[in-house]
Amino acid sequence: MSKASTAPKTTMQRFLDGVEKVGNMVPHPVVIFLILIAIVIALSALLSLFGAAVTFERINADTHEIETATTEIRSLLNADGIRFMYVSLVPNFMAFTAVGLMIAAMIGAGVAEESGLVTALIHKLVIVSPRWALTYILAFVGILASVAADAGYLVLIPLAGIAYLAVGRHPLAGLALGFAAVAGAFTVNMLIKPLDTVLVEFTNDAAHLVDPSTSIGLASNIWFSIASVAFLTVIIAFISDRMIEPRLGAYRPQDAAAGTTTDQSTMLGEQESRGLRFAGVGLLGLIVVFCLLTIPSWGPLRNPGTGELIGDSPFMNGLIGLIVLMFLVTGWAYGIGAGTLRTLTEVVGAIEKSIKSMGGTIFLFFILSQFVAYFTYTNIGTVMALSLSGVLQAANIGALPLLLGFIVVVAIIDLLLTGAIAKWAIFAPVFVPLLMQLGVEPEAVLAAYRVGDSPMNAITPLNAYFALVVGFAQKYDKGAGVGTIVSLMLPYVVWLFVLWTALFAIWQILGLPWGI
């Protein structure tokens, strides 16, 4: 990674350089996860031998009833564990949703990239946006990308790197900005998204333990979420401009991996302009089709039971399909207009090229899927989460300190259990009733969970897309590794967590409404 050579380094920059150096000394991510698998296997056997277990109440995801359950550590070295590892090798990989999302997204993104649409759009954005505003625009769009579930990881992050390169800025700073926006603020948005439906349902199930008449709606956190989006946009952009980019220094194209395009002229030629017009027509046609599928009350993409479009509906649950089609249609339309991708055979070739480039990532995901499955099977994360929550519950402190402590516990557990739904199914029946008895609204508890659950996503290797970001970085700096990403993301994680928690505390103290 290139470094600034003129200005003296600050203490923080030297610390992050040390983090990067140490982090990049670790082996290839595949080797890391193989080591972690060995550790989980040994730890599961040891903890199971000592009978580690915990009893708790949880929400049944199918019936939404509160049930009492006992979770004990399951060994991977007994007969059942060995059978599980043997028979689940392929099912673990097939159930790893990140693989399907990545391949689906790359079908459309591959066409858009090969046709030249991505580059043209970035150039257009650079031309029409003031230089100072580019960082804020990318941060804002990255946060909103969570409405499409995990698609933001696959689309916005690489686009942010290209956008930075197009204006002569360090592409790794763009990747870090995109990753921080997509992952570090994943649970909030200015729109209602599918995740909100599940989180609110579990919150209501837990609240009914105390008061069956108390329920919250899908927009119960909307005001706090909107304020958080604006607040986090400024923080992420500020950190990018004032901390990350100065440390990286000027970009050296010779550091890029072989085959990476680093020539990013911002001038649009006649063919590019014509291609963008064709892409606009293609996008308009796609919008018309989806309007017919969603706007009428009989629209097949509405919820067949309630008629809802936003929230729990086929349209929201399948947004990745819309994104794939959007890139596919507009990419091909651009190719026809610009003369870069005319025939269906050329389109198929572009898709094949993009899929072939993911060979290493798919293998990494295969190993990662085994680790996640083994870790889940052993119940180590669940026992740890419940043990920490039990300590906090017994602390006998006030409502606000308990909420802040809850945020810290969620953040720690997020390093091990990254699934927002799985964690909330465990935490909701413990903390929602407890805090309601202290006069805290369920909306506040859910808002606290959103704060604790997001920032650590940008630094935990258990995030399914962490390794993918390492791959993106290696395109622009062939020497980049895990340590590079950790050192880039650490300032975001620390400041997002501290300042967002402070915003939550101020909101709670002032008694501001959390939502509708």
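Atom set for the values below is all heavy atoms of this structure, side chains included, hydrogens, waters and symmetry mates excluded. Numbering of residues begins at 1 and proceeds along the displayed sequence.
- Summarising the local packing, CH2 of W507 is surrounded by more than 12 heavy atoms from other residues, nucleotides or ligands at distances under 6.0 Å.
- Using a 4.5 Å heavy-atom cutoff, the side chains of L499 and L232 are not in contact.
- In terms of heavy atoms, V445 sits closest to F406 at O-CE2, 3.8 Å.
- For the pair E308 and R302, the salt-bridge criterion is not met [side-chain N within less than 4.0 Å of a carboxylate O].
- Under the ring-ring contact (aromatic ring centres under 6.0 Å, His included) criterion, F366 pairs with F93, not counting sequence neighbours.
- Two residues are said to be in side-chain contact when any heavy atoms from C-beta on lie closer than 4.5 Å; D453 and I413 fail this criterion.
- By the 4.5 Å heavy-atom criterion applied to side chains, D477 and T484 are not counted as neighbours.
- No more than 12 heavy atoms of other residues, nucleotides or ligands sit less than 6.0 Å from atom CD of Q271.
- Looking only at atom types and distance, the side chain of W500 has a donor-acceptor partner in the side chain of S228 under 3.5 Å away.
- Distance CD1/I236 to OH/Y136: 11.5 Å, rounded to 0.5 Å.
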L283/V329 under side chain to side chain contact (heavy atoms under 4.5 Å, CB included): CA gap, chis, key distance, verdict | CA-CA 7 Å; L283 178 61; V329 170; over 6 Å; no
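- A salt bridge does not link R450 with E443: none of the charged nitrogens is closer than 4.0 Å to a carboxylate oxygen.
- To the nearest 0.5 angstrom, R169 atom CZ is 11.0 Å from L248 atom CG.
- In this structure a side-chain-to-backbone donor-acceptor pair under 3.5 Å is missing from E114 to V111.
- Nearest heavy atom pair, residue L177 against residue A139, reads CD1-CB, 3.8 Å.
- Side chain to side chain, D241 and T135 meet the donor-acceptor criterion of an N or O pair below 3.5 Å.
- Using a 4.5 Å heavy-atom cutoff, the side chains of L488 and R247 are in contact.
- Interatomic distance, L512 CG to I506 CD1, rounded to the nearest 0.5 Å: 9.5 Å.
- The heavy-atom pair separating L404 from A505 by the smallest distance is CD2-CB, 4.2 Å.
- Expressed to the nearest 0.5 Å, how far CG of N189 lies from CD1 of I226 amounts to 9.5 Å.
- H170 places none of its side-chain heavy atoms less than 4.5 Å from the side chain of Y476.
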L309 and I295: CA distance, side-chain angles, deciding distance, side chain to side chain contact (heavy atoms under 4.5 Å, CB included) verdict | CA-CA 8 Å; L309 179 62; I295 292 179; 5.9 Å; no
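- Distance alone, capped at 3.5 Å, is enough to place a donor-acceptor pair between the Y449 side chain and the W424 backbone.
- At least one donor-acceptor pair under 3.5 Å links the side chain of S454 to the backbone N or O of T187.
- In terms of the side-chain hydrogen bond (donor to acceptor under 3.5 Å, both in side chains) criterion, N457 has no residue partners (sequence neighbours excluded).
- Residues V182 and Y153 share a closest heavy-atom pair of CG1-N, 3.7 Å.
- A donor-acceptor contact shorter than 3.5 Å is absent between the side chain of S220 and the backbone of I216.
- Here I239 contributes atom CD1 and E245 contributes atom CD; the two are 13.5 Å apart, rounded to the nearest 0.5 Å.
- For the pair S313 (side chain) and N303 (backbone), a donor-acceptor distance under 3.5 Å is absent.
- Under the 3.5 Å distance criterion, the side-chain polar atoms of Q474 are matched with a main-chain donor or acceptor of A480.
- Between the side chain of S115 and the backbone N or O of G331, at least one donor-acceptor pair lies under 3.5 Å.
- Looking at residues two or more places apart in sequence or on another chain, you find a ring-ring contact (aromatic ring centres under 6.0 Å, His included) between F504 and W514.
- F179 is listed as a side-chain neighbour of M489, based on a closest heavy-atom distance under 4.5 Å.
- Annotation: side chain of I143 is not in contact with side chain of F186 (no heavy-atom distance under 4.5 Å).
- The closest side-chain heavy-atom distance from S240 to Y492 is below 4.5 Å.
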Check the pair Y164, Y251 against side chain to side chain contact (heavy atoms under 4.5 Å, CB included), reporting the backbone distance first and the verdict last.
-> CA-CA 10 Å; Y164 263 49; Y251 179 57; over 6 Å; no
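- Of all non-hydrogen atoms in L138 and A163, the two that sit nearest each other are CD1-CB, 4.0 Å.
- Between I459 and F466, the shortest heavy-atom distance links the atoms O-CE1, 3.9 Å.
- Under a 3.5 Å cut-off, the side chain of Y334 and the backbone N or O of L341 do not form any donor-acceptor pair.
- Taken to the nearest 0.5 Å, the CG atom of L172 stands 10.5 Å off from the CD1 atom of I244.
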Carefully, step by step, assess L36 and F375 under the rule side chain to side chain contact (heavy atoms under 4.5 Å, CB included).
-> CA-CA 9 Å; L36 289 175; F375 189 80; over 6 Å; no
